[in-house]
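We count ligands from 1, going down the list as the structure has it; atoms in each ligand are counted the same way. Note that the structure is a prediction, hence the values are computed from the model and not measured.
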Amino acid sequence: MCGIVGYIGRQEAQSILLDGLKKLEYRGYDSAGLAVYNGETIGVKKKEGRIVNVESLLEEQSLLGSVGIAHTRWATHGKPSDRNSHPHMDHEDKFAIVHNGIIENFLELKEELQAKGHTFRSETDTEVIAHLLADAYNGDVVETVQHIVKKMEGAYALAIMSEYEPDKLVAVRLASPLIIGVGEGENFIASDIPAILKHTREMVILEDGEMAVLTDDQIQVMTTEGEKIDREPLHVDWDIVTAEKDGYDHFMLKEIYEQPKAIRDTLTGRIKEGIVDLASELTLSQAEMEQIDRIHFVACGTAYHAGIVGKYALEQLTRIPVEVDVASEYRYRDPIITERTLVIVISQSGETADTLAAMREAQSRGAKVLAITNVVGSTIARDADEVLITSAGPEIAVASTKAYTSQLVVIYQLGLYLAHIRATQPRTEIEKMVEELLSLPLKIEEALKGADILKMLATELARHNNLFFIGRGLDFAVALEGSLKLKELTYIHSEAYPAGELKHGTLALIEEGVPVISLATQAFTYDKMVSNIEEVKTRGAHVLGITTAGSVDLQRTADEVITVPQTLPLFSPVLTVIPLQLLSYYACIARGFDVDKPRNLAKSVTVE
Ligand code: M6R
């Protein structure tokens with residue numbers, strides 16, 4: 001989720017690259033850097049932090065030249081720092097590259113290159129690519145690129161320049177977006193349209209396994225096998241604001257649709273030989289993992305709801321007792337913590353004051369704290385004992401969507417990893433679950449296809465001032481998240497209830513026409529859930545059922561039914577939350593409120 005810009009032409013590259021980076025800063029802002037060819041060598045300036053930091057460096061000494069590449073980073077491998085910033089170069093400074101994505105086999109490649117005498121300057125996976133190029137260079141940059149991509153596993157969008165052939169830029173793509181901007185006497189590379197929209201509206205979109213070779217007056221598109229491709233540029237007539245949202249009306253909608261990618265990225269590099277392997281990310285020893293005798297999930301809001309799913313998941317997979325706490329309550333309730341307690345804090349931003357305070361409290365009482373966060377350089381990521389990153393990329397909308405589903409996936413990964421280490425699940429079962437986990441991105445894509453019906457249902461829902469979400473077990477956990485999403489976006493009062501608990505009081509609020517969104521995906525409690533739906537229907541409720549494809553009883557009982565693809569009951573929250581996110585989004589639009597900035601709320605809550 002970083003940003004790439006490349007320029008080759010007749011103007012000074014520096015200002016074009018800087019300007020492009022600023023348009024992409026919302027995609028990543030841990031560090032930024034530029035590489036420009038000055039007629040003799042490639043000069044690089046890069047700096048941790050926001051783009052203004054590298055801009056200050058350039059004010060002291062500019063990079064002169066008309067060929068260059070630039071990058072703004074959202075850290076995944078290697079903490080945010082000057083040396084981990086892109087561009088990266090090989091040990092002889094002949095190649096400069098910027099990269100979005102993750103090279104999964106970088107450790108293996110790095111070891112091979114080190115054995116050949118290459119010295120590395122960063123902790124990133126990316127640097128290995130520059131060294132691979134230098135190592136394989138045969139007098140032809142294009143052929144060299146085609147040769148080295150065969151060795152790389154993972155995802156990449158790359159912009160490459162070389163001192164050997166400074167009159168060209170090479171762009172390559174696999175599973176990470178990259179576009180080529182067509183100019184007159186100049187051409188551009190960008191990971192996202194806004195970066196170059198000011199200069200051109202004619203764009204060539206690269207597909208997976210394709211590359212482009214740019215000079216100032218030519219663009220040659222080809223496969224990485226060298227097969228030439230004739231591709232007409234696409235005319236883009238978006239304004240800059242639409243372009244920042246990839247053409248979506250709001251960041252929230254864009255982020256909802258980014259979930260398949262966020263999940264894929266979060267899974268990347270953590271599955272080895274059919275099981276989850278977190279050994280390279282966690283420092284906990286096998287003995288420490290075996291000794292854990294209780295787990296506390298601590299978080300706020302949506303992240304807290306991910307923790308509730310976490311309780312079900314970790315108890316089922318590892319049989320370790322799990323408690324879940326709202327962070328602002330945790331430190332004041334005198335929790336029972338020992339050295340064998342693992343406290344898992346979940347925070348998209350990694351800066352939430354309540355979560356941070358709870359984390360410090362747990363650490364002061366001797367617990368190990370494992371953070372699940374989306375921001376590598378955040379305070380929580382830095383100060384936790386262990387960190388597992390969600391690779392959702394920057395989440396801009398206040399209402400959290402892709403961070404939540406990515407948090408769930410990390411929790412499942414952790415559960416499956418601990419289950420393997422502690423031998424609480426047979427390996428064959430773990431392998432089956434991992435396979436199912438890998439199928440979730442495609443299933444989310446399927447669930448997203450229900451958007452049109454949800455839009456219609458949401459318009460009707462938006463007329464009400466009161467509604468309920470019910471479910472049992474994991475469906476209740478998702479009901480809580482659905483209800484929060486609806487409240488924060490539409491300002492409609494809603495409550496989430498465990499379906500069996502309604503009759504102990506809240507059922508009194510059900511009257512003619514009250515919408516009740518009922519989740520029923522858990523086979524174990526399905527019949528009971530259908531009876532609970534009958535209870536509210538009898539009192540006049542209008543029921544929208546959310547279930548998995550093929551559930552016949554619910555189709556008969558509910559007024560409307562939305563189905564999501566089938567998956568293991570444990571993983572269903574990743575899918576059932578999708579229609580609830582869309583429902584809240586469209587209900588917010590129907591009520592005419594600000595989707596991305598709900599009233600009274602902030603993206604990152606840094607006060608207790
Ligand atoms: O950054 P965090 O995950 O720590 O934020 C916690 C909550 O403030 C956050 O999840 C909030 O509830 C969501 N924005 C709601 O959509």
Run the salt-bridge test on Asp192 and Lys23 with the 4.0 Å N-O cut-off and return the result as yes or no.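 Here Asp192 does not pair with Lys23 in a salt bridge, since their nearest N and O are not under 4.0 Å apart.
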
Should we count CD of Glu123 as having more than 12 external heavy atoms under 6.0 Å?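 Yes, CD of Glu123 has more than 12 neighbouring heavy atoms, counting only those of other groups under 6.0 Å.
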
Step through the shown structure and confirm whether more than 12 heavy atoms of other residues, nucleotides or ligands are within 6.0 Å of CZ on Phe571.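 Counting neighbours around CZ of Phe571, more than 12 heavy atoms of other residues, nucleotides or ligands fall under 6.0 Å, so yes.
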
Which residue in the set Glu481, Glu255, Gln259, Lys485 passes side chain to side chain donor-acceptor pair (under 3.5 Å) when paired with Gln581? Gln259

When rounded to the nearest 0.5 angstrom, what distance separates CD1 in Ile308 from CG in Leu480?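 One gets 5.0 Å once the value is rounded to the nearest 0.5 Å.
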
Counting only N and O atoms by type, is there a donor-acceptor contact under 3.5 Å from the side chain of Glu395 to the main-chain atoms of Thr401?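 A pair under 3.5 Å: yes.
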
Per-atom contacts, ligand 1 versus [X] - under 4.0 Å to a heavy atom:
{"X": "Gln348", "result": "1 (O), 2 (P), 3 (O), 4 (O)"}
{"X": "Ala303", "result": "3 (O), 10 (O)"}
{"X": "Gly301", "result": "12 (O)"}
{"X": "Ala399", "result": "16 (O)"}
{"X": "Lys485", "result": "15 (C), 16 (O)"}
{"X": "Ser347", "result": "1 (O), 2 (P), 3 (O), 4 (O)"}

So which heavy atom in the protein is nearest [atom], and how far is it from that ligand atom?
{"atom": "atom 7 (C) of ligand 1", "value": "Cys300 O, 3.6 Å"}
{"atom": "atom 2 (P) of ligand 1", "value": "Thr352 OG1, 3.2 Å"}
{"atom": "atom 13 (C) of ligand 1", "value": "Thr302 OG1, 3.7 Å"}
{"atom": "atom 1 (O) of ligand 1", "value": "Ser349 OG, 2.6 Å"}
{"atom": "atom 8 (O) of ligand 1", "value": "Val605 CG2, 4.1 Å"}

Backbone or side-chain N or O of [X] under 3.5 Å from ligand 1 N or O:
{"X": "Glu488", "value": "yes"}
{"X": "Val398", "value": "yes"}
{"X": "Gln407", "value": "no"}

Tell me whether the guanidinium CZ or amine NZ of Arg591 lies under 6.0 angstrom from the six-membered ring centre of Tyr491 and within 45° of its axis. no

For Glu55, which of Lys46, Lys22, Arg50 qualifies under salt bridge (charged side-chain N to carboxylate O under 4.0 Å, His left out)?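 Answer after filtering Lys46, Lys22, Arg50: Lys22.
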
Parallel, tilted or perpendicular: which describes the rings of Tyr248 and Tyr257, with under 30° parallel and over 60° perpendicular? parallel

